[in-house]
Amino acid sequence: MCANVFGALKSLFGKPFDGGKRMDHGSQQQHPAMNRLYEVQREVQSLGPQVCTFSGLKNEREYRRLERELTQLLLEVDQVDTEGRADLQGARKRAAQEVEGLLRYLEENATHPSRLAIEELSREAQRLVEQGVVEPQRAGGTAEISDELVDAVQELILRLTQVKTGGRVPLRKARYRALTRLCAVQDIIEGRTRQQTLPLSEDTHVAVQRINQVMVHVSGARSQLVALLMGLSGRDSCAHLSRVLTELLVELDALDVSGNAAVRNYRKQVVEEINSLLKHLDLEGEGDDTRRYSALLELQTLWSNNTEGKYSMRVYMLSDTTWLKNVIVLYIFFLRYDLGQNDSIRQIEAVRGRVGQLQGEVLRHCGVGDLFRPKPELQSLLTHLDQVDTARNPCIREARRRAVLEVQAVITFLDLREALICRQPSPNEPSQHRAVWIVLGSLSDLQAQVLCFNGKQADKSYMLLEELLTKQLLALDAVDPQGDEMTKVARKQAVKFAQNILSFLDMKTDEWEY
């Protein structure tokens, strides 16, 4: 992973600026042109981490600031008088290349098709939530959360997980931020659809009236929070909403509900609802400055721990200290948005690795006419996947879903092979029923090819498999059951089986990433 970061940085900036180290040491300190290039380089090094972690668009203020400062630095580099000296010209050229590399990287990420796709999906989510949640609340009513709204939000989350980032930190960061906010909104609106805390009668206790009033404020705060998370709130702020909710907690804590268990439980439920809203406020409150400060704190830890040699592999590769600090900052950002380092993803990948080994053994035995039956282990792998904690992260959920499909594909292949081996047709078997079994035999052979397929949709082998599977579907469609109920059921199952193989083939070629 660290090597990937170093490789990306080298391809972006080339060789780190050496300040003309090939020059005579004395001339490095004395020549005004070299001193100016050193000053420019220090400014470039301070802007580098900001550029490489910027995840916004070209119309944002932060983009314009970075572009303006980098362009100004490029102009200053161009104005350095080298007096025709080759060493100064080389140093100026390298400094200009670094600034140009940052400008290019900044623009590429802000205009990348995946970044624009993330923005379009975010705007679609904004329109959806505004119509279904925010506008009814602003009109003085209560938003009715429908199943259609919940399903639409879930569909947008799934589409966001399928956006390709190519491993770029800014694109990962943009997708991560959009997903976390939309998942928080999903959590809030799904909480609305579930059974809510019902108010108690005010005759129960003197404190019930005030708790009911707090519940009204909590309902309004819920819609305000959704608006904040989706960028639809022009007046409210995170800090203000946090203060309001905290004050409600303090007020609830001050109520005297001793001696009445029902009122105590009621207050406890309201407190839990407020805490669930406060936890989502942290998502909107986190910003680039906070992240950058956290990264620098982690960087200090790296430096302090390096005396023990714990991070020696990461630090011996480069000699320039300031450059190395920027590399480690970027490495920390990379890890923040790289789900490949997530424990749940590692568990899923371990299961996938074992499934691949078992699948290879199964296909190898089938090739020699034998049947290897690792179904108990495959079932245990399914159980293990079911126990993986997704933490409501849609990317981890999708990774687990795909791993489950891979296990199930091997199991269904084994089931069909076993059924074909054990099949003993009777002499009076209807011809149409026999035709279905012939198609199933062909589908089993094609599924073996699909299981070991590892190409792309543009490959000829993919198109051939797709065509052969489609022909089998047409063959099933041509089977006339002639009123035979068993043939109807068999044909229906065979059609579903063929469609599942086609879907699995598509899944293997969609180039999905974490």
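The side-chain contact (heavy atoms from CB on, under 4.5 Å) check on Gln408 picks up Leu382, Val404, Leu405, with sequence neighbours excluded. Residues forming a side-chain contact (heavy atoms from CB on, under 4.5 Å) with Ser380 (at least two apart in sequence, or on another chain): Glu377. Gln457 is linked by a side-chain contact (heavy atoms from CB on, under 4.5 Å) to Tyr462, Asp506, Thr509, counting only residues two or more places apart in sequence or in another chain. Residues satisfying the side-chain contact (heavy atoms from CB on, under 4.5 Å) test with Ser276, not counting sequence neighbours, are none.
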Check against side-chain contact (heavy atoms from CB on, under 4.5 Å), Leu446 and Ile501: CA-CA 9 Å; Leu446 289 173; Ile501 297 175; 5.6 Å; no

Run the side-chain contact (heavy atoms from CB on, under 4.5 Å) check on Phe54 and Asn109 step by step: do they pass? CA-CA 8 Å; Phe54 174 74; Asn109 287 315; over 6 Å; no

Test side-chain contact (heavy atoms from CB on, under 4.5 Å) on Phe497 and Gln447; report intermediate values, then the result. CA-CA 10 Å; Phe497 185 69; Gln447 189 183 21; 3.2 Å; yes

Could you walk me through whether Arg104 and Glu100 satisfy the salt bridge (Lys or Arg N to Asp or Glu O under 4.0 Å) test, starting with their C-alpha distance in whole Å, then the side-chain angles of each, then the deciding distance to 0.1 Å, before giving a yes or no? CA-CA 6 Å; Arg104 184 170 58 253; Glu100 289 170 351; 5.5 Å; no

Kindly determine whether Tyr63 and Leu57 satisfy side-chain contact (heavy atoms from CB on, under 4.5 Å), including the steps that lead there. CA-CA 7 Å; Tyr63 178 92; Leu57 300 168; over 6 Å; no

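Closest approach of Asp386 to Arg400, counting heavy atoms only: O-NH1, 3.5 Å. Taking each heavy atom of Gly231 and Gln126 in turn, the nearest pair found is O-NE2, 3.9 Å. The heavy-atom pair separating Val407 from Leu378 by the smallest distance is CG1-O, 3.5 Å. Taking all atoms of both residues into account, the shortest heavy-atom contact from Asp81 to Ala33 is O-CB, 3.5 Å. When all heavy atoms of Thr165 and Leu171 are compared, the closest pair comes out as O-CD1, 3.5 Å. Residue Ile396 comes nearest to Ile348 through the heavy atom pair O-CD1, 3.9 Å, listed as atom of the first residue, atom of the second, then distance.
When side chains are defined from C-beta on, Leu473 counts as touching Leu502, because their heavy atoms get closer than 4.5 Å. At a threshold of 4.5 Å between non-hydrogen side-chain atoms, the residues Ser344 and Thr390 do not count as touching. The shortest distance between side-chain heavy atoms of Leu443 and Leu469 falls below 4.5 Å. Annotation: side chain of Leu128 is not in contact with side chain of Met230 (no heavy-atom distance under 4.5 Å). Between Leu278 and Leu249, the closest side-chain pair of non-hydrogen atoms falls below 4.5 Å. At least one side-chain heavy atom of Glu155 sits under 4.5 Å from a side-chain heavy atom of Arg159. Residues Val355 and Val410 meet the side-chain proximity criterion, which asks for heavy atoms closer than 4.5 Å. Put simply, the side chain of Glu119 reaches to within 4.5 Å of the side chain of Arg123, judged on heavy atoms.
Arg127 has a carboxylate O that lies under 4.0 Å from a charged side-chain N of Glu120, or vice versa, which qualifies the two as a salt bridge. A salt bridge links Arg402 with Glu398; the closest basic N to acidic carboxylate O contact falls under 4.0 Å. Ion pairing between Glu67 and Arg64 fails under the 4.0 Å rule for side-chain N and carboxylate O.
Remark: Arg243 CZ to Leu241 CG distance equals 10.0 Å, nearest 0.5 Å. Distance check: His217 NE2 to Glu247 CD gives 10.5 Å after rounding to the nearest 0.5 Å. Residue Leu156 holds its CG atom at 10.5 Å from CD of Gln186, rounded to the nearest 0.5 Å. Note that CG of Leu228 and NE2 of His240 are 9.5 Å apart. Values are rounded to the nearest 0.5 Å. A distance of 8.5 Å separates CG in Leu160 from CZ in Arg175, rounded to the nearest 0.5 Å. Summarising the geometry, atom OG belonging to Ser122 is positioned 10.5 Å from atom CZ belonging to Arg177; distances are rounded to the nearest 0.5 Å.
Annotation: salt bridge (charged side-chain N to carboxylate O under 4.0 Å, His left out) contacts involving residues 44-60, sequence neighbours excluded, comprise Lys58-Glu107. The salt bridge (charged side-chain N to carboxylate O under 4.0 Å, His left out) contacts involving residues 39-48 comprise Arg36-Glu39, where partners must be two or more places apart or lie in separate chains.
Under the 3.5 Å distance criterion, the side-chain polar atoms of Arg115 are matched with a main-chain donor or acceptor of Ser55. A donor-acceptor contact shorter than 3.5 Å links the side chain of Lys508 to the backbone of Leu451. With Thr412 contributing its side chain and Ala409 its backbone, the two residues share a donor-acceptor pair below 3.5 Å.
No more than 12 heavy atoms of other residues, nucleotides or ligands shown are found within 6.0 angstrom of CG on Asn454.
Arg94 and Gln97 share no donor-acceptor pair across their side chains, judged by distance under 3.5 Å alone. Judged by distance alone, the side chains of Glu406 and Gln359 never bring a donor and an acceptor atom under 3.5 Å apart. Between the side chains of Arg65 and Gln50, at least one donor N or O lies within less than 3.5 Å of an accepting N or O.
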